[in-house]
2 protein chains.
Amino acid sequence: MTASTSPRPVRSDRVRNRAALLDAARGVLRRDPDASVDAIAAAAGLTRRALYGHFPSREALVGELVTEGARRVAAAAAASRDDDPVVDIALVGRLVWDDVEAIRAMTLSVVRGPLRETLMGDPLAPLHARLVDDVARAAAAGAAREDLPAETVARMIEGAAFTALDESVRTPLTREEGRRLVILAGLGALGLSWRQAGAVLEAHADRLVRDGAR
Amino acid sequence: MTASTSPRPVRSDRVRNRAALLDAARGVLRRDPDASVDAIAAAAGLTRRALYGHFPSREALVGELVTEGARRVAAAAAASRDDDPVVDIALVGRLVWDDVEAIRAMTLSVVRGPLRETLMGDPLAPLHARLVDDVARAAAAGAAREDLPAETVARMIEGAAFTALDESVRTPLTREEGRRLVILAGLGALGLSWRQAGAVLEAHADRLVRDGAR
DNA sequence: CCGAAGTTGCACACTGTTGTGCAACTTGTT
DNA sequence: AACAAGTTGCACAACAGTGTGCAACTTCGG
């Protein structure tokens with residue numbers, strides 16, 4: 001049964017336009033999380049009406065964005081690890097940066113709203129847990145701050161990362177600069193001095209800021 | 001001419017209710033910057049219709065909140081200074097914390113929207129400038145990070161402060177705890193290690209975290 | 001080139017919100 | 001008690017956004 005090759009398989013338009021819509025949504029929602037469907041469709045070079053040919057509702061579109069982004073981040077997170085908790089935190093910083101737009105879009109538009117549980121609940125929770133664990137281990141090893149609970153420190157690191165992402169919207173940064181900023185900000189929140197953070201960065205520059213390393 | 005004592009001076013209701021509305025707006029808008037006028041009025045124990053007896057429009061209400069908050073912060077900022085840039089940054093952190101709700105409400109609801117210039121333009125710009133100056137001086141003195149431009153560092157500090165404010169919404173903190181968190185986060189972004197930051201905090205605990213010092 | 005998939009442009013109903021008008025009521029002040 | 005200020009509850013218009021229906025058009029693919 002060659003059911004896969006139906007009379008009309010899939011039109012190339014559809015795929016391209018759908019991708020364009022998701023791209024446009026990422027870009028538009030990053031600046032205005034409450035942007036209208038119309039604005040998104042226009043940014044994709046389509047009509048509002050056409051958008052509804054791809055997604056049944058605004059919520060479905062955003063949901064797609066969110067779960068897709070979460071999947072990418074989760075996959076990347078699972079792929080790269082390090083035994084040294086400090087390096088591991090830096091590593092998380094890098095992979096977060098590499099999915100800036102996905103993350104940004106999802107946090108801003110989903111933080112409040114019915115989709116929140118969908119996102120923060122499943123796909124990102126393990127990442128947060130990993131961060132908390134890293135912080136606790138680093139503190140136990142004397143490599144991180146001990147003056148605040150690990151939970152709080154983890155959230156400060158996450159906040160620092162978001163601030164770095166915001167900064168990237170303001171002043172355009174290269175991929176390397178962005179990665180550096182996110183990592184330095186995170187390690188600063190962890191309690192390292194800027195020289196210590198810089199040392200970590202240089203010591204693992206190949207994995208933390210250079211491209212190509214799969 | 002005793003024009004001040006007109007036949008009907010001012011009714012005590014009016015003043016109290018107006019204050020209640022502003023308070024309610026602060027509280028409600030902190031959680032949902034897009035909260036409706038109805039929600040605000042209800043939180044104040046009044047009707048939507050009554051609110052319009054105090055403020056001509058939603059924008060006027062928010063504007064009042066914003067300018068009032070900005071004035072308070074600006075006044076507090078002008079009142080407390082320190083020659084040591086590091087201590088000065090910590091000082092800014094403290095005063096920001098003490099006006100959490102005002103700041104929070106204004107940033108969230110005004111960051112995007114027509115009032116943005118009103119706020120970020122005038123009253124808060126000097127605070128940002130002061131921060132940038134502090135960062136530059138601290139870096140020149142070898143007391144702060146030199147790996148990032150002062151502008152960027154200043155924004156990272158501001159971001160760290162906001163993250164700390166967010167954390168306070170999640171887990172209730174006492175006034176002192178909140179002040180400590182904001183200051184530690186800011187100094188971390190500045191490039192200090194957590195022990196250095198803690199040392200600064202302890203050395204100036206009287207002005208940075210204790211109450212009562214006018 | 002022909003047919004179907006996809007898009008456009010319009011119209012429409014529905015919802016939530018803002019802001020106003022007005023009569024009836026309650027509350028503060030003298 | 002009496003008057004006015006303030007509030008309520010309702011009705012209303014205006015606006016922006018979402019989601020749908022449908023006919024005409026354009027584009028893709030065999």
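By convention in this document, chain letters (A, B, ...) are assigned in the order of the sequence lines, proteins followed by strands, and residues within each chain are numbered from 1.
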Nearest-Å distance for atom pair NE2/P, residues His54(B) and dG6(D): 7 Å
Spacing of Asn17(B) atom CG relative to dT26(C) atom P, expressed in whole Å: 17 Å
For Leu65(B) against Leu29(B), the heavy-atom pair lying closest together: CD2-CD1, 4.0 Å
Side-chain-base donor-acceptor pair under 3.5 Å for Arg49(B) and dG6(D): no
Verdict with supporting geometry, Leu181(B) and Ser168(B), side-chain contact (heavy atoms from CB on, under 4.5 Å): CA-CA 9 Å; Leu181(B) 183 59; Ser168(B) 80; over 6 Å; no
Cationic N near anionic O, under 4.0 Å, Asp88(B) to Arg137(B): no
Exam field: side chain Arg130(A) to backbone Ala77(A), donor-acceptor pair closer than 3.5 Å: yes
Listed nucleotide nearest any side-chain atom of Arg11(A), set dT7(C), dT27(D), dT7(D): dT27(D)
Angle between terminal axes - the helix from dC1(C)-dG30(D) to dT30(C)-dA1(D), 5 pairs each end, rounded to 10°: 30°
Main-chain N/O of Val209(B) paired with Arg179(B) side-chain donor or acceptor, under 3.5 Å: yes
With Glu158(B) via side-chain hydrogen bond (donor to acceptor under 3.5 Å, both in side chains) - residues at least two apart: His128(B)
Length of the line joining Leu29(A):CG and dG17(D):P, which is rounded to integer Å: 14 Å
Length of the line joining Phe55(B):CZ and dT20(C):C1', which is rounded to integer Å: 18 Å
Nucleotide dG28(C), atom P - distance to CG of Asp13(B) in whole Å: 5 Å
Separation of Arg94(A) CZ from His204(A) NE2 (nearest 0.5 Å): 14.0 Å
Pair Arg180(A) + Asp147(B): basic N to acidic O under 4.0 Å: no
Between P of dG6(D) and CG of Leu51(B), the distance in whole Å: 14 Å
Distance, rounded to the nearest Å, where Arg16(A) contributes CZ and dG29(D) contributes C1': 13 Å
Distance, rounded to the nearest Å, where Glu59(A) contributes CD and dG19(D) contributes P: 8 Å
Intermediate values then yes/no, side-chain contact (heavy atoms from CB on, under 4.5 Å), Tyr52(B) and Val37(B): CA-CA 9 Å; Tyr52(B) 283 105; Val37(B) 172; 3.9 Å; yes
Atom pairs, N/O to N/O, protein against nucleotides 16-18 of chain C, distance under 3.5 Å?
unit_1	atom_1	unit_2	atom_2	d
dT18(C)	OP1	Val37(B)	N	3.1
dT18(C)	OP2	Val37(B)	N	3.2

